[in-house]
Amino acid sequence: MKTNQKKAWLFLAPTIIFVTLFSIYPILRAFGMSFQGGSLIDLHWNGFSNYQYIFNDPEFWLAIKNTVLYAVISVPVGLAISIMLAWIIFDKVKHKSFFETTFFMPYVTSTIAIGIVFRYIFNGDYGMLNFLLRSLHLPAPDWIDDPAMSLTTIIIFGIWSSLAFNIVILMGALRNIDPNFYTIADMYGASGRDKFWRITMPELVPTIAFLLTMNVIGAFKIYTSVYALFNGQAGVGNSGTTAVFYIYNKFQIVGTPGVAMAATVILFLIILFATFLQRKMMKKVGEN
């Protein structure tokens with residue numbers, strides 16, 4: 001038994017060292033730096049000054065507000081659309097592998113490259129989206145250069161970009177549902193709606209819980225999409241700034257790593273709390 005334990009620790013050692021160096025240490029380092037001021041090469045202790053600064057900074061609260069709204073709107077909407085599309089492909093469409101590959105392609109494509117394409121699609125003057133809206137005699141807003149539309153643009157892009165990963169995972173989960181469940185349901189004359197809500201959805205709860213956790217964490221860490229859509233900025237007047245964009249700006253542009261790390265610690269606690277609530281909620285749903 002002891003020999004097996006030693007071998008187990010030996011095999012686990014590379015992973016433990018890797019996780020410690022690249023996950024645990026950065027978190028502890030960030031927490032320590034949040035109590036320090038000065039430049040990166042000349043840090044000194046300044047207590048809670050960084051936290052006082054961010055709590056009194058309107059831009060920080062705007063970033064948190066935008067991030068929370070993005071997560072609250074894009075995650076459930078994106079997941080609902082993903083479930084609908086995955087079910088339609090699984091139940092109604094032939095040649096499922098082709099559609100799975102098509103939907104998964106954006107996931108393996110650079111977000112920056114996709115963001116550049118979407119910047120042209122969202123262009124207020126010659127963008128494809130406004131061309132379609134005008135052809136339908138609908139309002140055509142300035143998606144990129146109007147501060148009031150910045151967050152909406154980010155949310156639309158976020159919903160679209162989340163579909164690829166979600167649909168592929170959901171398709172795998174749908175294939176693992178025992179087909180006998182549907183056969184028995186057909187014998188009792190169950191409708192398509194009854195089969196979906198009484199068989200498919202309960203069987204998908206663990207997968208949905210996993211995707212919800214991953215999407216919530218990803219939503220709170222959004223940065224690349226904002227950078228790509230607004231050409232390295234956070235919208236006009238920083239109207240589309242997010243928590244991670246705020247951290248990047250304070251660390252890399254302004255040169256105040258202590259402030260950036262204080263914001264990082266707050267964001268970490270928010271993600272931890274949001275994930276905890278989400279897991280509790282999904283656990284209750286699974287029990288019911």
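Count residues from 1 along the sequence.
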- Who passes ring-ring contact (aromatic ring centres under 6.0 Å, His included) against F22, sequence neighbours left out? F18

What pair of heavy atoms forms the shortest contact from [X] to [Y], and how long is it?
| X | Y | answer |
| --- | --- | --- |
| D186 | K195 | OD1-NZ, 3.0 Å |
| I208 | L79 | CG2-CD2, 3.8 Å |
| L133 | P139 | CD1-O, 3.5 Å |
| V236 | I144 | CG2-O, 4.3 Å |
| T153 | W143 | OG1-O, 2.8 Å |
| S225 | F157 | OG-CE2, 3.2 Å |

Can you list everything that forms a side chain to side chain donor-acceptor pair (under 3.5 Å) with [X]? Sequence neighbours excluded, please.
| X | value |
| --- | --- |
| Y53 | K250 |
| Y25 | none |
| S239 | S150 |
| D145 | none |

- Item | Pair M33-L43, side-chain contact (heavy atoms from CB on, under 4.5 Å): steps then yes or no | CA-CA 8 Å; M33 288 178 63; L43 292 171; 4.1 Å; yes

- Task: Would you check, one step at a time, whether the test side-chain contact (heavy atoms from CB on, under 4.5 Å) holds for F118 with W160?
- Result: CA-CA 11 Å; F118 266 81; W160 181 87; 3.6 Å; yes

Under a 4.5 Å cut-off applied to non-hydrogen side-chain atoms, are [X] and [Y] in contact?
| X | Y | value |
| --- | --- | --- |
| I54 | W61 | no |
| F220 | V68 | yes |
| T241 | N66 | yes |

- Task: Output the rest of the hydrophobic cluster of V19: all Ile, Leu, Val, Met, Phe, Trp and Tyr residues reachable through side-chain heavy-atom contacts under 4.5 Å, sorted by chain and number.
- Result: I24, L28

- Item | Parallel, tilted or perpendicular, as decided by the 30° and 60° cut-offs, for the rings of Y223 and Y248 | tilted

- Item | Y246/D57 under side-chain hydrogen bond (donor to acceptor under 3.5 Å, both in side chains): CA gap, chis, key distance, verdict | CA-CA 11 Å; Y246 178 89; D57 185 5; 2.7 Å; yes

- Message: Surrounding CZ of R198 (heavy atoms of other residues, nucleotides or ligands, distance under 6.0 Å), is the total greater than 12?
- Response: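 It does not: R198 CZ has 12 such atoms or fewer within range.
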
- Please find out if less than 6.0 Å separates the ring center of Y51 from that of F35.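 When the ring centroids of Y51 and F35 are compared, they turn out to be within the sub-6.0 Å range.
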
- Query: When you check the side-chain N and O atoms of T200 and Y182, is any donor under 3.5 Å from an acceptor?
  - Reply: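 Yes.
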
- Message: Between L212 and F273, is there shared hydrophobic-cluster membership here, with clusters defined by ILVMFWY side-chain heavy atoms closer than 4.5 Å?
- Response: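 They do not share one cluster, since no chain of ILVMFWY contacts under 4.5 Å joins L212 to F273.
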
